[in-house]
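Only one structure is covered here, and it is reproduced in the block below.
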Amino acid sequence: MDNGRYDFNAIEKKWQDYWLQNKTFKTPNGAPLRPGQPKPKPNPAARLENRPKYYVLDMFPYPSGQGLHVGHPEGYTASDIVARYKRMKGYNVLHPIGWDAFGLPAEQYAVQTGTHPAVTTQKNIENMRRQIQALGFSYDWDRQVDTTDPAYYKWTQWIFLKFYNSWFDPVLQKARRIEELPIPENIRSGGPKAIQKYINDHRLAYEAEAPVNWCPALGTVLANEEVVGGVSERGGHPVIRKMMRQWMLRITHFAERLLEGLEGLDWTESIKKLQQDWIGKSVGAEVDFQVDGHKAAIRVFTTRPDTLFGATYMVLAPEHPLVNQITTDEYKKSIENYKLEALRKSDLDRTDLAKEKTGQFTGAYAINPVNGSKIPIWISDYVLISYGTGAIMSVPAHDERDFEFAKTFHLPIIAVVRPADEALANQVEKGTCCFVGDGTAMNSGSFNGLSTLEFKEKITAWLEKKGLGKKAINYKLRDWLFSRQRYWGEPFPILHTEDGQTLAVDEKDLPLELPKMEDYKPSESGEPPLSKAADWIHVTLADGTKAKRETNTMPQWAGSCWYYLRYLDSTNKQAAFDPAAEQYWMPVDLYIGGAEHAVLHLLYSRFWHKLLYDLGYVSTPEPFQKLVNQGMILGEDNQKMSKSRGNVINPDKVIADYGADSMRLYEMFMGPLEAVKPWSMQGVEGVHRFLNKTWRMIVDPENGGLQAAVQEVEGDEDTLRILHQTIKKVTGDIEAFAFNTAISQMMIFVNHLSKQPVRPKHALKKFVLLLSAFAPHIGEELWQRLGQTKTLAYEPWPTFDPQLAREKEVELALQINGKIKDRICVSADASESEIEQKVLAHPKVQAALNGQKPKKIIIVKSRLVNLIV
RNA sequence: GCCGGAGUGGCGGAAUGGCAGACGCGAAGGAUUCAAAAUCCUUUCCGGUUCACCCCGGGUGUGGGUUCGACUCCCACCUCCGGCACCA
């Protein structure tokens with residue numbers, strides 16, 4: 001202790017060592033409940049494995065070379081507070097951590113420096129583990145996982161094979177084993193090759209020649225989600241479109257399940273909304289338009305079948321398969337040119353500012369099925385080949401994009417929906433304005449006069465009866481591009497035989513280890529680095545067949561899709577996890593992490609989980625019951641932290657200067673967990689002063705013993721009241737994730753008690769238990785100095801007595817006509833008539849009343865009295 | 001453009017429809033000290049009046065509304081942050 005500061009360095013080191021050496025937070029798996037068996041009550045006296053479970057999960061960190069930034073401890077501290085709190089409440093708490101260690105940054109770094117990514121990765125893990133341990137989080141370190149460890153990725157590959165060996169049954173809406181796929185007779189008659197192709201076409205992991213986002217600088221393809229505004233999310237390199245053979249996962253088949261599953265989850269509505277929008281369900285109809293003079297029909301998807309009568313032209317995506325067939329000779333050249341142009345355009349050109357519509361007439365016409373009119377067929381890149389049917393009917397009067405296109409190319413506009421607003425209706429009818437809302441049908445033959453809603457139903461039924469169309473549902477969600485042309489990822493357990501067959505590696509031969517390579521640089525041609533591993537790549541099967549290994553690797557998402565399951569049983573060599581452990585621990589009760597994973601990671605994980613659920617490996621349909629997103633921490637200048645701005649706060653430095661407890665406490669005191677908030681070093685000093693003051697409240701800085709004021713006494717009424725109010729507030733605030741206000745209340749407690757010449761020891765002990773969830777090192781130390789010998793981690797959480805927490809006297813605001821005139825003190829349990837009497841006798845009230853009776857008296861218990869005169 | 005979230009002192013923030021500004025930071029003054037650090041005490045929303053105490057008025061992005069009473073609920077608008085972005 002110097003300058004009134006406690007020796008946080010020594011104390012924090014001491015307790016971190018203690019926790020590690022004693023494996024204080026080692027968590028046993030309990031036995032799963034049998035159906036009908038009552039849930040055990042939280043009880044700190046029960047054996048750990050007999051207690052009810054609570055699974056608190058932090059989002060999987062990537063062990064980057066930069067190490068921890070101040071955003072990490074924010075979520076980790078919040079989850080650690082809950083973990084420690086629940087443990088003291090008598091739960092068996094699973095609180096693990098691990099490393100999402102495959103991925104681009106380590107590999108990019110390796111390519112630049114020549115150090116193997118395996119080496120850098122282990123170094124980074126070491127460093128981050130040191131940093132995380134220096135913050136005193138109560139992780140069970142024996143459950144640590146590392147996605148780059150073959151003992152881990154063995155099971156990532158195993159799950160991949162589950163995808164490969166499954167199909168999606170649209171009737172049951174679930175994944176099933178590929179052996180159970182019914183083969184239709186017409187396929188069966190086509191022979192083994194046809195059957196094999198049929199099976200391959202139904203696998204949930206499949207190969208496809210697909211237009212991909214190729215990033216030449218990174219030497220890999222990227223998922224749509226990894227491309228932001230035409231450049232790579234990591235590094236900001238340009239991305240172009242290219243056709244390549246790729247592995248895909250059929251997430252689209254799970255769209256409906258992924259949507260429905262959100263309903264029961266305790267996530268914020270805004271995160272659910274993000275996922276819903278990403279999945280992008282829309283209900284409408286598919287309608288066939290005959291091409292004039294051809295046998296072919298063009299199928300379109302529309303959410304507005306009620307506007308069919310207003311379809312004045314059609315547009316196909318440039319990549320649409322019918323384009324060549326229907327284009328007339330006269331337009332062949334122009335169409336070819338347009339297609340080339342569209343192909344050359346990057347996503348950036350296609351979507352960004354250049355909103356001006358382009359297109360080309362094919363020379364062909366289609367017949368509008370509802371009224372037989374001949375309408376021209378165009379192609380344009382505003383129609384996407386990857387959504388719906390890649391073709392649309394254009395209703396310029398009632399769709400903004402079609403309206404713009406029609407204006408550009410002078411195509412006819414026919415209004416078929418009349419808005420309620422007269423002025424607007426006139427404009428729409430004249431074709432000078434586009435109306436996309438609901439209204440009344442017009443120019444629609446026998447359907448005239450129907451409301452939009454009714455019309456939609458009637459016309460869909462009508463189309464179906466005539467065999468011209470049917471109800472249809474579309475999703476924005478695309479299948480997941482699952483392969484990368486990089487070295488540092490899980491190899492696919494897949495073989496390609498010389499005769500072009502694809503085979504899965506046998507489960508018993510997993511893990512398929514990543515070969516050690518000296519040259520792991522990506523190539524600009526798109527040939528993956530693994531193709532250079534000559535020894536590894538060539539395989540001779542038992543029957544003598546020669547085969548080559550798949551040389552793509554899995555994306556970084558793969559390992560993080562199921563890590564929360566491996567924690568349950570991280571050292572299991574026989575299985576990914578023991579079913580009993582899964583049934584005991586799942587689902588995750590609380591998942592804390594950044595909102596940047598709102599769609600991707602959380603959607604992918606849920607998708608994997610649903611496959612495992614369908615196949616019977618996990619018992620819950622959803623993995624993460626409650627989700628909380630911590631907000632970003634900005635620099636002291638209120639800007640995003642970045643090296644170039646020079647406003648990055650280094651957690652190591654903060655810990656060195658103020659200690660881990662101050663760091664933890666400050667991050668929680670800054671404001672609400674979910675809020676975006678700026679860092680303040682002076683704020684850190686503030687909470688640090690609070691911890692010093694707490695220390696001095698109990699420990700005498702002169703001799704290191706207890707303060708003389710600390711005595712075995714019951715304590716006065718005020719002290720007891722504040723103690724019980726504090727227990728109440730802190731407990732409730734932890735449950736509500738309002739950590740900032742919990743800390744305020746602890747400050748109020750310390751401010752009060754520090755002034756007391758006599759400080760009851762029992763109150764201090766209870767307070768230390770509360771504090772220990774937030775600041776565990778000083779908590780343990782004070783607990784010990786107060787005469788305890790064991791760690792406080794499993795001490796029962798203090799309870800409060802509502803009687804003792806209650807104020808005896810309360811101050812009421814005295815309002816006359818809603819304006820505060822004075823304050824009066826009454827006893828907390830004063831009756832309304834007592835209060836009324838006291839109020840009426842008040843001089844200011846008498847003056848205001850001027851002898852008359854008040855119109856109305858409103859009394860709000862313990863709050864105020866409002867007199868209406 | 002569309003969809004979310006948020007606007008409260010000098011700053012971070014607090015307030016089941018009921019005393020706006022808890023708690024912390026900063027600032028000012030004082031105590032302690034040879035001096036400083038640390039600590040402790042007092043003041044600190046704005047304006048007016050008088051600062052001796054008080055007293056009066058205004059105030060939660062802007063403008064309306066509901067209510068005895070609105071930071072809180074409703075309508076319109078402005079600003080900032082985040083997400084999506086031709087998904088028919």
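Convention: sequence-line order gives letters A, B, ...; per-chain numbering from 1. Predicted, not measured: the structure shown is a model, and the values here were computed from it.
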Whole angstrom value for the distance that separates P of B/A88 from CD1 of A/Ile473: 13 Å

Take atom CD in A/Glu809; do more than 12 heavy atoms of anything else shown fall under 6.0 Å from it? yes

Counting any heavy atom closer than 4.0 Å, what does A/Ile392 reach on the DNA or RNA strands: base, sugar-phosphate only, or nothing? base

Looking only at N and O atoms, is any donor in the side chain of A/Lys357 or the base of B/C86 less than 3.5 Å from an acceptor on the other one? yes

Please figure out whether A/Thr741 or A/Glu811 has its closest RNA chain B nucleotide nearer the 5' end. A/Thr741

Of A/Val810 and A/Asn638, the one whose nearest nucleotide on RNA chain B sits closer to the 5' end is A/Asn638

Do A/Pro854 and A/Ile868 come within less than 4.5 Å of each other through their side chains, counting heavy atoms only? no

Tell me: CD of A/Gln630 to C1' of B/G5, nearest whole Å? 16 Å

Counting any heavy atom closer than 4.0 Å, what does A/Ile820 reach on the DNA or RNA strands: base, sugar-phosphate only, or nothing? sugar-phosphate

With no hydrogens and no angle check, do the side chains of A/Asn866 and A/Lys856 hold a donor and an acceptor under 3.5 Å apart? no

Answer yes or no: are there more than 12 heavy-atom neighbours, outside A/Lys272 itself, under 6.0 Å from its atom NZ? yes

Of the candidates B/C68, B/C23, B/C25, the side chain of A/Gln682 sits closest to B/C25

When the C1' atoms of B/G13 and B/G63 are considered, how many whole Å apart are they? 27 Å

Is there a Watson-Crick or G-U wobble partner for B/G69 with both distances under 3.5 Å, and which nucleotide is it? none

Between B/C41 (P) and A/His752 (NE2): distance, integer Å: 13 Å

When the C1' atoms of B/C25 and B/C81 are compared, how many Å lie between them, rounded to an integer? 24 Å

Heavy atoms under 4.0 Å, any strand shown: does A/Ser282 hit a base, just sugar-phosphate, or nothing? sugar-phosphate

For nucleotides B/U44 and B/C55, find the distance between their P atoms and express it as a whole number of Å. 14 Å

Hey, does A/Lys273 reach any base, or is it just sugar-phosphate, or nothing, if we go heavy atoms under 4.0 Å? sugar-phosphate

Does B/G13 sit syn or anti, given that only angles within 90° of 0 count as syn? anti

Classify the angle between the aromatic ring planes of A/His688 and A/Tyr658 as parallel (below 30°), tilted (30 to 60°) or perpendicular (above 60°). perpendicular

May I ask you to list the residues of residues 667-677 of chain A, by number, that have any heavy atom positioned under 4.0 Å from an atom of RNA chain B? A/Phe669, A/Met670, A/Pro672, A/Val676, A/Lys677

Under a 3.5 Å cut-off for both contacts, is B/C19 paired Watson-Crick or G-U wobble with anything, and if yes, with which nucleotide? none

A/Asn474 and A/Ser282: side chain donor to acceptor below 3.5 Å: no

Tell me what A/Gln815 touches on the nucleic acid: a base, only sugar-phosphate, or nothing, going by heavy atoms under 4.0 Å. base

For the P atoms, the ones on B/A70 and on B/G59, what distance do you get once it is rounded to whole angstrom? 11 Å

Scan A/Ile868 against the nucleic acid and name what it touches under 4.0 Å (heavy atoms): base, sugar-phosphate only, or nothing. sugar-phosphate

For B/C23, does OP1 or OP2 lie under 4.0 Å from any side-chain N or O of A/Arg689? no

Contact class for A/Asn474 vs. all strands (heavy atom < 4.0 Å): base, sugar-phosphate, or nothing? nothing

Which nucleotide sits closest to the side chain of A/Leu384: B/A88, B/G4, B/G58? B/A88

Does A/Tyr382 make a side-chain N or O approach to OP1 or OP2 of B/A88 shorter than 4.0 Å? no

With a 3.5 Å limit on both atom pairs, tell me what B/G1 is paired to, counting Watson-Crick and G-U wobble, or say none. B/C84

With a non-hydrogen cut-off below 4.0 angstrom, is A/Lys755 in contact with a base, only sugar-phosphate, or nothing? sugar-phosphate

So, is A/Arg696 close to the B/A38 phosphate, meaning a side-chain N or O under 4.0 Å from OP1 or OP2? no

Closer than 4.0 Å, any side-chain N/O of A/Asn751 to the OP1 or OP2 of B/G24? yes

Touch class at under 4.0 angstrom, heavy-atom based, for A/Gly686 against every strand present: sugar-phosphate

Touch check for A/Glu400, heavy atoms < 4.0 angstrom, all strands: base, sugar-phosphate only, or nothing? nothing

Separation between the P atoms of B/G48 and B/C34, rounded to whole Å: 43 Å

Under 4.0 Å from OP1 or OP2 of B/C84: is there any side-chain N or O of A/Lys476 that close? no

With a 3.5 Å cut-off and no angle check, do the side chains of A/Thr694 and A/Tyr6 form a donor-acceptor pair? no

Determine: side-chain N/O of A/Asn866 to OP1/OP2 of B/G18, distance under 4.0 Å, yes or no. no

Looking only at side chains, do A/His842 and A/Asp822 share a donor and an acceptor under 3.5 Å apart? yes

Taking a pair to mean Watson-Crick or G-U wobble geometry with both distances below 3.5 Å, B/A6 pairs with B/U79

Under 30°, 30 to 60°, or over 60°: which ring-plane class applies to A/Phe774 and A/Phe739, parallel, tilted or perpendicular? perpendicular

Winner on side-chain proximity to A/Leu864, out of B/G82, B/A15, B/C19, is B/C19

Do A/Lys357 and A/Phe405 form a cation-pi contact, if we require the NZ or CZ to be under 6.0 Å from the six-membered ring centre and within 45 degrees of the ring's axis? no

Roughly how many Å apart are B/C73 and B/G4, using the P atom of each and rounding to a whole number? 16 Å

Applying the 3.5 Å cut-off to both distances, the Watson-Crick or G-U partner of B/C45 turns out to be B/G58

Assign A/Thr302 to base, sugar-phosphate, or nothing according to its heavy-atom contacts below 4.0 angstrom with the strands shown. sugar-phosphate

